[in-house]
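Notes follow once the structure below has been shown.
If you read the sequence from its start, that first residue is 1, and numbering goes on from there.
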Amino acid sequence: MAVLVALAALVIACGDGADRVGAEKPTTAADTGVGAGTSGKPAAGTVDFATVLNTEQKIQSALPEPAQMHEWTPKTGCAHVEEQPKSPSECGPETDWDCGVIATGTASFEAFGETVIFSIRAYADQKATQDACRKEAASSAKYTKANVPPVDGVTSHAYYRNAGNLDGLDLIMCTGTVMAKIRLEGSGSNLDPASAHTMAQGVFLPRIQKAAAAS
């Protein structure tokens, strides 16, 4: 019960403020998305899915729970559903991968002098996700690639946020109808690519799969 209360307190409605995940600008990287499809639930054990995470509850269920993070202390979190999302036909070729987002969510934790931020962008279908991932990859290619092992079953890329005064590591995963990101922020040399991979493979991706399968 305590875990459920902690999660509910952590993930609230994002509203329209600047902390909303959808308001973030090009500081990450991603590769192309996954296959086509617009309906149906994922089969057990698969990573790709066509389920649309279009409610705050679905977005919340895709974010890590405090109990999964062990020694990491939960800090902030929110979930938000766009009231009037743009259709893919309205987005065009521009590099803004937030165009077409239908829901977003974020949850952050702190430990060891570092912060980890899990965020998710949901789109109306797999093609829209694929297009958004391509746009982010093209925009963020200027950043230094981080040596994070590939995340099994999804398209993933990792980069150091080493432009301007930024200091951190971003790992992007594109799967099904979502673009998911793990961001590690801290003291540079302590940013461990292996930690990002472990959180992605062992925590975040299973949560996203579970949320899609339950929808």
message: Check whether Thr106 reaches the backbone of Phe118 with its side chain - one donor and one acceptor, N or O, closer than 3.5 Å.
response: yes

- request: State, with a plain yes or no, whether a side-chain heavy atom of Trp72 is found less than 4.5 Å away from one of Met199.
  value: yes

- prompt: Any side-chain heavy atom of Tyr159 sitting closer than 4.5 Å to one from Leu169?
  reply: no

- line: All heavy atoms of Tyr143 vs all of Arg161, minimum pair found to be CD2-CA, 4.4 Å

Side-chain heavy atoms of Ile117 within contact of Leu184, under 4.5 Å: no

Distance-minimising heavy-atom pair for Ser139 and Trp97: CB-CZ3, 3.6 Å

field: Same cluster (ILVMFWY, side-chain, under 4.5 Å), Val81 and Leu53
entry: no

Polar side-chain atom of Thr198 near backbone of Ala194 as donor-acceptor pair, under 3.5 Å: yes

- request: Return the set of residues passing side-chain contact (heavy atoms from CB on, under 4.5 Å) with Thr55 (not counting sequence neighbours), or none when no residue passes.
  value: Gln57, Lys58

message: Using modelled atom types and a 3.5 Å cut-off, is there a donor and acceptor pairing between side-chain atoms of Thr177 and backbone atoms of Thr51?
response: yes

message: For a quick test of reading the model, state the closest non-hydrogen atom pair linking Pro64 to Val203 and the distance between them.
response: CB-CG1, 3.7 Å

- prompt: Could you walk me through whether Val52 and Asp125 pass the side-chain contact (heavy atoms from CB on, under 4.5 Å) check?
  reply: CA-CA 7 Å; Val52 179; Asp125 55 40; 5.7 Å; no

field: Ser156 (side chain) donor-acceptor with Val151 (main chain) under 3.5 angstrom
entry: yes

query: Salt bridge between Asp131 and Lys127, side-chain N to carboxylate O under 4.0 Å?
result: yes

message: Is the shortest side-chain heavy-atom distance between Met173 and Phe204 below 4.5 Å?
response: yes

- request: Measure from the side-chain N and O atoms of His197 to the backbone N and O of Pro150, and report whether any donor-acceptor pair falls under 3.5 Å.
  value: yes

- request: Measure across Ser61 and Ala211 and return the closest heavy-atom pair with its distance rounded to 0.1 Å.
  value: OG-CB, 3.2 Å

statement: Closest non-hydrogen atoms of Ile59 and Ala122, given as atom of the first, atom of the second and distance, are CD1-CB, 4.1 Å

query: Does some side-chain heavy atom of Arg207 sit less than 4.5 Å from a side-chain heavy atom of Gln68?
result: yes

task: Measure the CD1-CD distance between Ile102 and Glu82 for me, rounded to the nearest 0.5 Å.
output: 9.5 Å

- request: Keeping the roles fixed (side chain from Gln126, backbone from Phe49), state whether a donor-acceptor pair exists under 3.5 Å.
  value: yes

statement: In this structure, CD of Glu185 is separated from CZ of Arg183 (nearest 0.5 Å) by 5.5 Å

- prompt: Can you tell me how far the OG atom of Ser195 sits from the CD atom of Glu114, to the nearest 0.5 Å?
  reply: 7.0 Å

Straight-line distance of Gln60 CD to Glu65 CD, nearest 0.5 Å: 9.0 Å

query: Rounded to the nearest 0.5 Å, what separation is found between the NZ atom of Lys145 and the OH atom of Tyr160?
result: 12.0 Å

query: Could you walk me through whether Val178 and Thr129 pass the side-chain contact (heavy atoms from CB on, under 4.5 Å) check?
result: CA-CA 6 Å; Val178 303; Thr129 306; 5.6 Å; no

task: Side-chain contact test, heavy atoms from C-beta onward, threshold under 4.5 Å: evaluate it for Lys181 versus Leu171 and give yes or no.
output: no

query: Is there a side-chain contact between Met179 and Tyr123 (heavy atoms, below 4.5 Å)?
result: yes

task: Compute whether any side-chain donor of one residue and acceptor of the other, for Ser108 and Thr76, lie under 3.5 angstrom apart.
output: yes

statement: Shortest non-hydrogen pair, Arg121 vs Asp98, comes out as NE-OD1, 2.6 Å

message: Is any side-chain heavy atom of Leu63 closer than 4.5 Å to one of Ile120?
response: yes

